[in-house]
Amino acid sequence: MGETIFSKIIRKEIPAKVVYETEHVLAFRDINPQAPVHVLIIPKSDIADATEIIGSRHAELLGELFDAANEVAKLEGLEKKGFRLVINSGTDSGQEVPHLHIHLLGGRKMNWPPG
Ligand code: AMP
């Protein structure tokens, strides 16, 4: 098992502001928000990054992650204005926590290209 700070959040050993939870997915507020809404959506299973996703094995989980993202967007009132989903994977992306997570960012106009 890859032990990270997110493993501890999943096990409720350290606190997090959880906004949405299902059997397989957890969504909680980023501790260092980059937008008025910044929520991290993670699988509860041990997946380090996007390279560990295998379509045939994880299709259902990916669906659940996107369902959760859309649910969070609704709960946060972002449905109409929109939002950005980001997955950092690996060193060049700036990934800091080696547990797959989708950043959901919203509540302000986003810039493109990203930094
Ligand atoms: P990444 O750079 O894509 O790996 O993103 C990791 C994110 O996790 C960063 O945006 C951090 O601010 C966030 N983060 C780290 N520790 C915590 C924590 N204990 N609770 C909530 N968010 C965290």
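Every number for a ligand or one of its atoms is a count from 1 in the order of the listing. Treat the numbers as computed from the prediction; the structure is a model and nothing was measured.
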Extract all donor-acceptor atom pairs below 3.5 Å that involve side chains of residues 62-72 and protein atoms in other chains or at least two apart in sequence.
from: Glu64; atom 1: OE1; to: His24; atom 2: ND1; distance (Å): 3.0
from: Glu64; atom 1: OE2; to: His24; atom 2: ND1; distance (Å): 3.2
from: Asn70; atom 1: ND2; to: Phe66; atom 2: O; distance (Å): 3.3

When the side chains of residues 108-115 are checked against the rest of the protein, which donor-acceptor pairs come out under 3.5 Å, sequence neighbours left out?
from: Arg108; atom 1: NE; to: Gln34; atom 2: O; distance (Å): 3.3
from: Arg108; atom 1: NH2; to: Gln34; atom 2: O; distance (Å): 2.8

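Other residues, nucleotides and ligands contribute over 12 non-hydrogen atoms within 6.0 Å of the CD atom of Glu13. Lys17 NZ: 12 or fewer foreign heavy atoms inside a 6.0 Å radius.
Protein residues are said to neighbour a ligand when one of their heavy atoms lies under 4.0 Å from it; for ligand 1 these are Ile5, Phe6, Ile9, Phe28, Arg29, Asp30, Ile31, Asn32, Leu40, Asn88, Gly94, Gln95, Glu96, Val97, His101, His103.
For residues 72-88, every residue pair satisfying the side chain to side chain donor-acceptor pair (under 3.5 Å) rule, not counting sequence neighbours, is listed here: Arg29-Glu76.
No side-chain donor-acceptor contact under 3.5 Å links His99 to the backbone of Lys44.
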